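Taking it in order: structure first as structure tokens, then the write-up.
These values consider heavy atoms only, across backbone and side chains, with no hydrogens, waters or symmetry-generated copies. Remember, predicted model here, so these are calculated numbers, not experimental data.
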Amino acid sequence: MNSQSAFPNLRNKDLITPERLTQLALGMLILLVAGIFIGGEAPGAGGLFIPPWDKVVHFFAFGTIGVLSGIAFPRIPLLLIWVLVVAVGAADEFHQIFIQGRQAGLDDLLADAVGGLAALPVISVLRTWWRLGKRD
């Protein structure tokens, strides 16, 4: 096997640019939020995860929303990222009021908020890492 690249002038640094990373994160964020709202209307969606595991799913899903938001919008302050995550969680809970077989819950919103809070140090590390990498 030939060890030369098919694209000899293309380096790894060229593949992952800040613009591409923010675009990818934004696309994933849109898909995740759409999946939560659209998938949440499916019959039986409310029973996919039994308590307390449903709170773990909320934590990780909304933590992921936070991390993706922090990458997609690198200039937005961390506090505003958290407010955005909580707002999406509140919108999801409000949306569930109108879906047969689903119920809104403050416990779910709390799990969303804690997941968003846990995302903040991750975002901070990623942003610092990215800034340091751009100096090289």
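Nearest heavy-atom pair across Ile81 and Gly66 is CG2-O, 3.6 Å. Across Leu120 and Trp82, no two heavy atoms sit closer than the pair CD1-CB, 4.0 Å. Smallest separation of non-hydrogen atoms from Val86 and Ala113: CG2-CB, 3.8 Å. Residues Ala25 and Ala72 come closest through the heavy atom pair CB-N, 3.8 Å. Considering all non-hydrogen atoms of both residues, Gly63 and Ala119 come closest at O-CB, 3.3 Å.
Between Ile123 and Ile71, every side-chain heavy-atom pair lies at or beyond the 4.5 Å cut-off. For the pair Ser124/Leu78, a side-chain contact is recorded, criterion being any heavy-atom separation below 4.5 Å from C-beta on. Arg102 is not listed as a side-chain neighbour of His95, based on a closest heavy-atom distance of 4.5 Å or more. Counting only heavy atoms from C-beta outward, the side chains of Ile65 and Ile36 approach each other to under 4.5 Å.
Hydrophobic clustering (ILVMFWY, side-chain heavy atoms < 4.5 Å, transitive): Leu68 and Leu24 are in one cluster. Ile38 and Ile99 sit in two unconnected hydrophobic clusters of ILVMFWY residues. Membership requires side-chain heavy atoms under 4.5 Å apart, directly or through other members. Taking hydrophobic clusters as Ile, Leu, Val, Met, Phe, Trp and Tyr residues chained together by side-chain heavy-atom distances below 4.5 Å, Leu109 does not share a cluster with Phe94. The hydrophobic clustering, which links ILVMFWY residues whose side-chain heavy atoms are closer than 4.5 Å, places Phe37 and Met28 together. Leu31 and Leu29 sit in two unconnected hydrophobic clusters of ILVMFWY residues. Membership requires side-chain heavy atoms under 4.5 Å apart, directly or through other members.
Enclosure of atom CD1 in Ile97 by more than 12 non-hydrogen atoms of other residues, nucleotides or ligands within 6.0 angstrom is indicated.
Partners of Phe73 by ring pair (Phe, Tyr, Trp, His ring centres under 6.0 Å), not counting sequence neighbours: none found. Remark: Ile30 pairs with Leu26 by the side chain to side chain contact (heavy atoms under 4.5 Å, CB included) rule, at least two apart or across chains.
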Pairs under 3.5 angstrom only: tabulate donor-acceptor contacts from the side chains of residues 49-62 to other protein residues two or more places apart or in another chain.
residue: Lys55; atom: NZ; partner: Asp107; partner atom: OD2; Å: 3.4
residue: Lys55; atom: NZ; partner: Asp108; partner atom: OD1; Å: 2.7
residue: His58; atom: ND1; partner: Asp112; partner atom: OD1; Å: 2.6

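The backbone N or O of Gly70 sits less than 3.5 Å from a side-chain atom of Arg127, completing a donor-acceptor pair.
The structure places CD of Gln96 at 10.0 Å from CD of Glu41, a figure rounded to the nearest 0.5 Å.
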